[in-house]
Q: 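Below is one structure. I have some questions about it.
Proteins come first, then strands; the chains are lettered A, B, ... in the order of their sequence lines, and each starts at number 1.
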2 protein chains.
Amino acid sequence: MENIKVPEEFKVLISNRDKRYVRQCSIDCVVFGFAQNQMKVLLVQWKYLDKWTLPGGFIHQDEPIDQAANRILKERTGLEKLYLKQFATFGDPHRSRSKDMQQMLDAMGIFLPEDNWLFERFISIGYLALVNFDRVTPNTDLLSSVCGWHNLSEIPDLMFDHTHIIQTALGTLRKQLYTEPVGKYLLPEKFTMPELQKLYETILGEPLDRRNFAKKISSMSSVKRLKERKSGGAHRAPYLYTFI
Amino acid sequence: MENIKVPEEFKVLISNRDKRYVRQCSIDCVVFGFAQNQMKVLLVQWKYLDKWTLPGGFIHQDEPIDQAANRILKERTGLEKLYLKQFATFGDPHRSRSKDMQQMLDAMGIFLPEDNWLFERFISIGYLALVNFDRVTPNTDLLSSVCGWHNLSEIPDLMFDHTHIIQTALGTLRKQLYTEPVGKYLLPEKFTMPELQKLYETILGEPLDRRNFAKKISSMSSVKRLKERKSGGAHRAPYLYTFI
DNA sequence: CCAAAAGTGTTATTTGTACACCCATGC
DNA sequence: GCATGGGTGTACAAATAACACTTTTGG
């Protein structure tokens, strides 16, 4: 373990937590993207450990929680503005599983007293984000070796209760499908009706009728058909649409 | 102020907070009841102060948050089982308004250092409860002089952001009106169709058509019409219904 | 000209909404 | 017998669901 180099500033942070952060509260973000006809979730892999988590962080003492979630995701995705909504708060006392935390610290060669704040119970506020896949530049930080997309259907083993958090977020997204313009955030500015339909089918996990879907979407005032068509593909060129 | 008698155990609790509770996290409950054709909200008035708040409390370190909310409400209402759902988490850094807290302590003749935990920022998890008005026995505790029902339309000035929390809870309740069997929790076991309709109209704040309402409710499999009618009232005796 | 995808319209069913008359009861 | 509230049905409109053919394009 001696050859592992843990950044000094990290050691300071975790061994002597400063008072900048709200105690025992954290934020976990489920960032959904859509690409290659798959729903994607942004995950972070921890250095010195082969485990993944959701991107998350802590809340500054003077910071609104929505703003904290935005800050955390700006660091991870490079995006300043994105669809971001609180969807649930997770407060099982065993959700943080200090064993996972211990394992991570062991892997880094860091040994902390039992009363260190990292072993405290955390209550986590879950945020659901929708982003345009192509605009995201996943960023690592001091503690993470990889930050990247995973297919929602092939999520690796996650630490803590993060699998459960993703499932809850997906349920929330499904409920909101026809009340929030999810395509506006998940698709590029211009998109075709079949692309939008595929997005809906992927989120719902079931096929939809093309004609009824087009009718339903066309009745939404926020979706506008452009004069252009998407050229380049094989077969008949589909119209492009955009959200106003 | 010298003649105010503050319980000794309370002084111990607030001046030297024990480690039983999760730091900087609290729970606030919006308890809705229905009586006299009015929506009611349970509020607590603080001793030595003329201000009201929602019933709330803190979370034990080893306690799931849903269980904490249940414990808090059992103390306040006497009810073990009630409809109780997390609906949002409130995390504005100024929501707890330490000025309110200071005023309360001043009124009690208690002077605490600035770094006392009571002046910390609190992030509060909002719970929405639906209860049968008649089954509730509102209870006071060490710190509260009154715990009682208020008409939702005549809520007094509340401390902190509790007015906002109630508004958010009401919005949540309205959205859930036709997906959750709210009558099951807000009305007595047996009720009439006009009573149920009045409940819905009160929550929505708008009149509904009698025939269409009855049709809609009758199509729900969870509502059953009994053979009995409600006797005693003037005019034609209405049928009784119940949730299965 | 053929395969593959995109565009479009009609019908039947269900759901929602508007609306009026008769019935039971207490006074 | 009348005022009040409770029970019920029908007709129209809107939304939903099922379903098939034609057009465009590349190869």
Q: Aromatic rings B:Tyr83 and B:Tyr185: how do their planes relate, parallel, tilted or perpendicular, breaks at 30° and 60°?
A: tilted
Q: Is a donor on one side and an acceptor on the other found under 3.5 Å between the side chain of B:Ser218 and the backbone of B:Ala214?
A: yes
Q: Below 4.0 angstrom, which residues in residues 198-206 of chain A have at least one non-hydrogen atom near DNA chain C?
A: none
Q: Any Lys/Arg nitrogen of A:Arg121 or B:Asp62 sitting under 4.0 Å from an Asp/Glu carboxylate oxygen of the other?
A: no
Q: What string of B, S and - do you get for nucleotides 12-22 of chain C, 5' to 3', if B is base contact, S is sugar-phosphate-only contact and - is no contact with any protein heavy atom under 4.0 Å?
A: -----BBBB--
Q: Give the ring-plane orientation class for A:Trp52 versus A:His150, where under 30° counts as parallel, over 60° as perpendicular and anything between as tilted.
A: perpendicular
Q: A:Arg71 pairs by side chain to side chain contact (heavy atoms under 4.5 Å, CB included) with which of A:Glu75, A:Lys74, A:Gln67?
A: A:Glu75
Q: Confirm from the modelled atom types if A:His235 and C:dA4 form a donor-acceptor pair under 3.5 Å, side chain to base only.
A: yes
Q: Would you confirm whether B:His162, through its side chain, and B:Thr53, through its main-chain N or O, come within 3.5 Å as a donor-acceptor pair?
A: no
Q: Could you give the start and end, 5' to 3', of the contact zone on DNA chain D for chain B, using atoms under 4.0 Å from its heavy atoms?
A: D:dT4 to D:dT10
Q: Which distance, rounded to the nearest 0.5 Å, do you find between the OG of A:Ser26 and the CD1 of A:Ile123?
A: 9.0 Å
Q: Over how many whole Å does the gap from B:Tyr239 atom OH to C:dA24 atom P extend?
A: 10 Å
Q: Quickly work out the A:Ile217 CD1 to C:dG7 P distance and round it to whole Å.
A: 13 Å
Q: Please check if atom CZ in A:Arg229 has more than 12 non-hydrogen atoms from other residues, nucleotides or ligands closer than 6.0 Å.
A: yes
Q: Output yes when a side-chain donor or acceptor of B:Arg174 lies under 3.5 Å from a complementary backbone atom of B:Ile203, and no otherwise.
A: yes
Q: Quick one: label A:Arg229 by what it contacts on the DNA or RNA (base, sugar-phosphate, nothing), any heavy atom closer than 4.0 Å.
A: nothing
Q: Can you classify the ring geometry of A:Phe90 versus A:His164 as parallel (below 30°), tilted (30 to 60°) or perpendicular (above 60°)?
A: perpendicular
